[in-house]
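Structure, as structure tokens:
In the text below, chain A, chain B and the rest are named by the order of the sequence lines, each starting its count at 1. Remember, it's a predicted structure, so these values are computed and weren't measured experimentally.
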There are 2 protein chains.
Amino acid sequence: MPIAAKIRPSGELPGRRPAPEEAALGTTSKPARRKGRAITIHEVAALAQVSPMTVSRVINGNANVREATREKVMRAVEQLGYTPNLAARSLAAAQGTRIALIYTNPSGAYLSEFLVGALRGAARTATQLVVDTWDGLGADGERAAARALAKNVSGVILPPPLCESRGVIAELTSAGVPVVALASARSSEEISNVRIDDFRAAREMTAYLIAHGHTRIGFIKGHPNQTASARRHEGFQAALQEAGIAPDPGLVQQGYFTYRSGLEAAEKLLSRRKPPTAIFASNDDMAAAVISVAHRRGLDVPRDLSVVGYDDTSAATTVWPELTTIRQPIAAMADSAVDILLRSIRRKDRDIHMVVDHVVAHELVERASVAAPPKD
Amino acid sequence: MPIAAKIRPSGELPGRRPAPEEAALGTTSKPARRKGRAITIHEVAALAQVSPMTVSRVINGNANVREATREKVMRAVEQLGYTPNLAARSLAAAQGTRIALIYTNPSGAYLSEFLVGALRGAARTATQLVVDTWDGLGADGERAAARALAKNVSGVILPPPLCESRGVIAELTSAGVPVVALASARSSEEISNVRIDDFRAAREMTAYLIAHGHTRIGFIKGHPNQTASARRHEGFQAALQEAGIAPDPGLVQQGYFTYRSGLEAAEKLLSRRKPPTAIFASNDDMAAAVISVAHRRGLDVPRDLSVVGYDDTSAATTVWPELTTIRQPIAAMADSAVDILLRSIRRKDRDIHMVVDHVVAHELVERASVAAPPKD
DNA sequence: TTGAAAGCGCTAACAA
DNA sequence: TTGTTAGCGCTTTCAA
């Protein structure tokens, strides 16, 4: 997963990682290379006996280069182990384009995925990425920060829950700064969106549980300040209905995406006279909490109780048994968000307001936390 | 926690964030500013009626500026909401300096901390940071990758376990590329180091347990491929000895920093005829596993069993009760690593091989997983 | 204490 | 298809 300073020769797919290639540089004779100084495009050009511009075209996959020339250049690139200088590229190409990724509640695993993806996207497009946290600013502080930010960047990526904040979005869009929301269910009229289909994913997961024979399924909702929470709940309900299972309000508990809230919800669910045989928590942290409560009550997972989560964060595999969950490709989503933002920024120059809703594929990851319900 | 593109006027503390200021730019008359274009140093210079060079001096905290001039410039900076262009700064100042952060086993929470810190450091010093993962390459693959990397960067930051790999280090140092190891206990002769004092931290934690009245304390060791594991174990033993408690080999189990390994170790520890009243796990993931096992066995934490972890990652607070643990300031450490690397790179120009061992303060974070041992 | 000149490495726009 | 020219925004060096 190269994040920066990897050359992209011709049509390489963004997602694929090139195999680590051997250093083929035999003789260090050619161009005198001073200590520690990186190789520049000029040295490559000299070795390939073309102009720097041609080298630039080759490494950027420009079509208008004769095949023979391209190969000559590629050989020189590999021989020298050349890697483009990102700062220079950014300065020259991305005309001052600077985008921001702002987050609150840095919930560990999630955050690192966001960062890795956004970083990769920024490196790929030679865009300057500003990362900042607005933790504990309050609504007014956030608005003020957004206003200040609008002056400094030409685009903003917003993970939840910030992307649900009306104030922040209003401040940004009214300043003409395009915004991309990450992993938010609201496909707003005003801002672009990169997300998975939470409704379908939750329905799919519920159907999976039903297929295993469960009919009394508990559900722990996510934080009400995130629209994705509602979509997941709706997906859950839809699957129940499709299977002809009557919804039982007592089997649905409010959670807040925290481990703690999962603990409480699980207690309520498992204290029922007729407890559920499976519990679907709206994220992995809460699912982990369910497992913990089950264990404390002497229940075996999955023999006595099946548990599933959502997101596939590190919590899903940091727990025993490992969680069956819905995988959200967060890093890839953040990477896409950079592209979308850039496109939007460029469009904006031409005075077209572009809003897209980019839905990427999710995946149901089967691990060890689901089994058929206990007979009895 | 601004990571990039925040100006540092004179002596501002790195940690503080400036209040978001108002946009006071009334007339857009001065320099014609095209849509979305960021403010440049020239515009600031024009407004302050000085040369761009003077502005540069002010925002970089250069001493040779008259106080009146500095204030005039600062006012202009604030008025315009100016933020330096990192790419340009990097291009002009850091003469092609590019450093890399390479990791394997991206263990969620840990990784994001590393990234955030290194990013901040890179932004602060206008250095280009290349992030890459070498997962599943094998020893040979790593060596090859290291050899290739050595040609492309002038310095490398290595978190564990990569910083313990003899092959990688040999490849890098023999190519004259300075390396800084992060959070490794080995204070190598060849490479610099940023770490906490694992021995002292572990001893302190053990003494803390003893002060609470525990004498039968279980210990779960960390992965043997990391030198920090050994230091922590030694610290544990030292505290026991200082308290006059005879070491019991049966109370020490091997772990591998994974949740799973913690599960197994905990089972062994708690199956003993006389189980420990407290367990010290060498990281938070394993401590979380201990809690899980305890619960499954109907033990209350901390009433029946005290549990402590190490690192203070998100796992420490994603568990109930929340873990008492040793806090490693990972982000700050990564930030420092950038500085050390840069210093080392510059020194190297003068042919002095500089190796430092930078030890930062740790902290014992008291939460809810420790109590006095049960009487009886 | 301040300013002017000269790039850092790359790419957009144009010309050949 | 290829090369030339002219910067991107900043900092270094040197001169005033």
(message) From CZ of B:Arg89 over to C1' of C:dG9, roughly how many Å is that when rounded to an integer?
(response) 18 Å

(request) Would you indicate, yes or no, if C:dT11 has its OP1 or OP2 atom less than 4.0 angstrom from a side-chain nitrogen or oxygen of A:Asn60? (result) yes

(request) Would you kindly give the CE-to-P distance between B:Met53 and D:dT13, to the nearest whole Å? (result) 11 Å

(message) Need the bend value for the helix from C:dT1-D:dA16 to C:dA16-D:dT1: angle between end axes, 5 pairs each end, nearest 10°.
(response) 30°

(request) State which residues pass side-chain contact (heavy atoms from CB on, under 4.5 Å) with A:Ala88; sequence neighbours excluded, sorted by chain then number. (result) A:Asn85, B:Leu91

(request) Please check the phosphate of D:dT2 (OP1 and OP2 only) for any side-chain N or O of A:Ser51 closer than 4.0 Å. (result) no

(request) Evaluate the criterion side chain to side chain contact (heavy atoms under 4.5 Å, CB included) for residue pair A:Phe114 and A:Ile157; output intermediate values, then yes/no. (result) CA-CA 10 Å; A:Phe114 280 131; A:Ile157 299 177; over 6 Å; no

(message) Tell me which pairs pass salt bridge (charged side-chain N to carboxylate O under 4.0 Å, His left out) where either residue lies in residues 331-341 of chain B, with sequence neighbours left out.
(response) B:Arg120-B:Asp335, B:Arg124-B:Asp335, B:Arg124-B:Asp339

(message) Rounded to whole Å, how long is the line connecting atom CZ of A:Arg70 with atom P of D:dT1?
(response) 10 Å

(message) Let me confirm one number: the NE2-CD1 distance from B:His358 to B:Ile340, rounded to the nearest 0.5 Å.
(response) 5.0 Å

(request) Sequence neighbours left out, what passes side-chain hydrogen bond (donor to acceptor under 3.5 Å, both in side chains) with A:Arg143? Give chain and number order. (result) A:Glu171

(message) Of the listed nucleotides (D:dC14, C:dT1, D:dG9), which one gets closest to any side-chain atom of B:Leu91?
(response) D:dG9

(message) OP1 or OP2 of D:dC10 versus the side-chain N and O atoms of B:Asn85: is any pair under 4.0 Å?
(response) no

(message) Counting only side-chain nitrogens and oxygens, does B:Thr54 get under 4.0 Å of the OP1 or OP2 atom of C:dG3?
(response) yes

(request) For C:dT1, take OP1 and OP2 only and decide whether either is under 4.0 Å from a side-chain N or O of B:Thr69. (result) no

(request) Return the value, rounded to whole Å, for the distance between atom CD of B:Glu43 and atom C1' of D:dC10. (result) 14 Å

(request) Can you tell me the distance, in whole Å, between the CZ atom of A:Arg57 and the C1' atom of D:dT1? (result) 8 Å

(message) Can you tell me which nucleotide in D:dG9, D:dT11, D:dC10 comes closest to the side chain of B:Pro84?
(response) D:dC10

(request) Answer yes when B:Arg75 and B:Glu78 have at least one side-chain N-carboxylate O distance shorter than 4.0 Å, and no when they do not. (result) no

(message) Holding to salt bridge (Lys or Arg N to Asp or Glu O under 4.0 Å), I want the full list of residues that pass it with A:Glu142, two or more places apart in sequence or in another chain.
(response) none

(request) May I have the distance from A:Asn64 (atom CG) to C:dA15 (atom P), rounded to whole angstrom? (result) 17 Å

(message) When you measure from the side-chain N and O atoms of B:Thr40 to the phosphate of D:dG9, is any distance below 4.0 Å, counting only OP1 and OP2?
(response) no

(message) If you assign A:Ser56 and B:Ala88 each to the DNA chain C nucleotide with the nearest heavy atom, which residue ends up on the more 5' nucleotide?
(response) B:Ala88

(message) Would you say A:Arg66 places a side-chain N or O within less than 4.0 Å of OP1 or OP2 belonging to D:dT1?
(response) no

(message) Checking A:His42 now: which residues fulfil side-chain contact (heavy atoms from CB on, under 4.5 Å) with it, not counting sequence neighbours?
(response) A:Thr40, A:Pro52

(message) From NZ of B:Lys72 over to C1' of C:dG3, roughly how many Å is that when rounded to an integer?
(response) 13 Å

(request) Measure from CD1 on A:Ile41 to P on D:dG3 and round the result to the nearest Å. (result) 12 Å

